[in-house]
Amino acid sequence: MLLLQSHSRFLLDTLLNRVQNVDKAVELDNHWVEFDDVRYHVQVTMKNPHIVLLSVSLPIPPPETVFLGGLPFGAIEAIKAAYGVVVQILDPPRDGFNLTLKLNLSKLPPDEAEYKHALLVKIASVREVVLGAPLRVVLKHLASRTVAPDMDQLLALVHRPKESFFLIPQADKVTVVFPMRFKDSIDTVLATSFLQEFVEARRTAGLNNAPLCMWSSSPPLELKGAPAEALSANAGFVTFVIFPRHVDGKKLDRTVWNLSTFYAYVSYHVKVGFFHLVASCSEGFMHTRMRRRVESLIQTLDRAKPDLEKSNKGLTSRSFKRLVCIENSNLNALTKHYFGRCADYKYAGLQSLKDLKDRRTNSYS
């Protein structure tokens, strides 16, 4: 199965292109949208080719989530910690966006190519940094086996437009619950089957250290205090239990990203699985029709052959085969048997086909 990349491919290519051509006065004004309705806008003017303005629009949050200044809590601190002096947060952001960053490419280290590339990849991962900030705060406390004193017992975090998933933080574990919703009825059926198989796969021997995974058609007891409108899920509820071992060291970034994009991960495989199913059914249908057509043609040919073969099968063909057999070896067993049985007739005493020919020649002369 495919795991989604944390960075925006188009944004990373744009930044790398600007770094390689930073001295060229080129104007950029690019808009695009990525999964879960995250919109980007990159702008570069000819007057300041070293400055890149990056604006990000986040999904519309539902009422149960907490946004501070249009951003999830902890996002400002996460941006400063991730980008340092290279990035400056503009307040207020551009109209229609939740966040606008000012990137000064002249402050990138000129001689450290690996560090520069890693920093650009981190900038291209702004979605993970911003939307994953609250989840990162909770999981950092889990790594130290503590709970933030001002943390609610039930947190709602936005991950899709007007949709959220829930966290239940504790000192020894964090429970993450995803209400799974799909608009299309076929997607709902495929997603339900996919999620049930997803839970079964967790029980294999090679995944013993993976987080616990559960699926239920009704809301779990951990969501008892959640609003009723947030618990409408036609594809059930998926629950993960995260332990401190899942967020140790470098595992923290991967866990934050995988949880933040879990719905997009499932949706992608549901869509791909549907198209593969349609393609495989179409391919199987065409192959079945081809096989039936070939079988019909073979039967037609078989019905046309028997009379022809029977008419051609006669003494001539059998004699031809016998003569060929005799001519292939004058001293074979068939020749000896034939001439042995002719002892009482006029060809008695013949030991080979050559003797037979000589006898016939002499009789004709």
Side-chain angles (χ1 to χ4, degrees), residues 3-7 58 61 64-87 89 99 101 115 118-119 121-159 164-179 199 202 206-214 220-226 230 237-265:
L3 294 177
L4 301 175
Q5 295 179 341
S6 61
H7 62 271
L58 304 178
E64 63 269 15
T65 58
V66 179
F67 265 42
L68 302 176
L71 296 174
F73 70 90
I76 299 297
E77 293 76 8
I79 293 172
K80 293 179 180 179
Y83 305 139
V85 297
V86 179
V87 174
I89 302 175
L99 174 69
L101 302 177
Y115 174 77
L119 183 56
V121 171
K122 194 67 175 179
I123 295 174
S125 306
V126 63
R127 181 192 190 279
E128 175 195 9
V129 174
V130 176
L131 285 179
L135 182 58
R136 187 181 300 275
V137 172
V138 174
L139 295 183
K140 278 186 176 180
H141 282 280
L142 175 63
S144 59
R145 291 172 173 79
T146 60
V147 179
D150 56 345
M151 193 73 66
D152 296 334
Q153 295 182 354
L154 181 63
L155 296 177
L157 305 182
V158 64
H159 69 130
S164 59
F165 68 100
F166 297 91
L167 301 181
I168 299 92
Q170 298 177 5
D172 58 342
K173 65 180 181 179
V174 172
T175 305
V176 186
V177 183
F178 290 90
V199 173
R202 165 61 180 79
L207 299 176
N208 291 331
N209 294 327
L212 295 177
C213 180
M214 295 164 284
L221 297 177
E222 290 84 356
L223 300 184
K224 186 177 181 180
F237 296 81
V238 181
T239 302
F240 293 99
V241 182
I242 310 299
F243 293 102
R245 68 174 183 270
H246 299 133
V247 293
D248 288 340
K250 296 182 179 180
K251 295 181 182 179
L252 176 62
D253 292 337
R254 184 175 60 182
T255 302
V256 169
W257 174 248
N258 290 340
L259 291 175
S260 300
T261 59
F262 177 71
Y263 181 90
Y265 168 84

Between E64 and S164, does the side chain to side chain donor-acceptor pair (under 3.5 Å) criterion hold? Intermediate values first, please. CA-CA 8 Å; E64 63 269 15; S164 59; 2.7 Å; yes

pair V241-P211: side-chain heavy atoms closer than 4.5 Å: no

Any salt bridge between R254 and E128, counting N to O under 4.0 Å? no

For a 4.5 angstrom cut-off between non-hydrogen side-chain atoms, does L167 reach T175? no

For R245 and A210 the tightest heavy-atom approach is NH2-O, 4.4 Å

Take H141 and T146 through the test side chain to side chain donor-acceptor pair (under 3.5 Å) and record every step on the way to the result. CA-CA 5 Å; H141 282 280; T146 60; 3.3 Å; yes

Do the side chains of L142 and P169 get nearer than 4.5 Å, heavy atoms only? no

Is R136 close to D253 at the side-chain level, that is, under 4.5 Å between some pair of heavy atoms? yes

CD1 (I79) and CD1 (I123) are apart, to the nearest 0.5 Å, by 11.5 Å

Under 30°, 30 to 60°, or over 60°: which ring-plane class applies to H159 and Y263, parallel, tilted or perpendicular? perpendicular

Measure the shortest side-chain to side-chain distance between V177 and P220 over non-hydrogen atoms and say whether it is less than 4.5 angstrom. yes

Any idea which heavy atoms bring P134 and L157 closest together, and the distance? CB-CD2, 3.5 Å

Atom CD1 of I89 and atom OH of Y83: how far apart are they, to the nearest 0.5 Å? 10.0 Å

Any heavy-atom pair between the side chains of K173 and I242 that's under 4.5 Å? no

Judged by atom type as modelled, is there a donor-acceptor pair below 3.5 Å linking the side chain of H246 to the main-chain atoms of L252? no

Look up atom CG in L68 and atom CZ in F73, then write down how far apart they are to the nearest 0.5 Å. 8.5 Å

What distance separates L259 CG from Y265 OH, expressed to the nearest 0.5 Å? 12.5 Å

Does T261 reach the main-chain N or O of W257 with its side chain, forming a donor-acceptor pair under 3.5 Å? yes

Find out whether L154 and L223 are in side-chain contact, i.e. whether some heavy atom of one side chain is under 4.5 Å from a heavy atom of the other. yes

Quick one: do V158 and F67 satisfy side-chain contact (heavy atoms from CB on, under 4.5 Å)? Show the steps, please. CA-CA 9 Å; V158 64; F67 265 42; 3.5 Å; yes

Would you call P72 and L131 a side-chain contact if the rule is heavy atoms closer than 4.5 Å? yes

Identify the two heavy atoms, one from F165 and one from P179, that lie closest to each other, and give their separation to 0.1 Å. CA-CD, 4.2 Å

So which heavy atom on V121 is nearest to which on S125, and how close? O-OG, 2.8 Å

Tell me whether the count of non-hydrogen atoms from other residues, nucleotides or ligands lying under 6.0 Å of OH in Y115 goes above 12. no

Would you indicate whether Q170, at its atom CD, is surrounded by more than 12 heavy atoms from other residues, nucleotides or ligands within a distance under 6.0 Å? yes

Would you name the heavy atoms of A78 and A133 that are closest together and state the gap between them? CB-CB, 4.1 Å

Only one of L58, V129, L71 passes side-chain contact (heavy atoms from CB on, under 4.5 Å) with L99; say which it is. L71

Would you check, one step at a time, whether the test side-chain contact (heavy atoms from CB on, under 4.5 Å) holds for C213 with T239? CA-CA 6 Å; C213 180; T239 302; over 6 Å; no

Would you check if the distance from the ring center of F262 to the ring center of F240 is below 6.0 Å? yes

Drop me the distance from F166's CZ to D152's CG, to the nearest 0.5 angstrom. 12.5 Å

Donor-acceptor contact present, side-chain T255 to main-chain V247, <3.5 Å: no

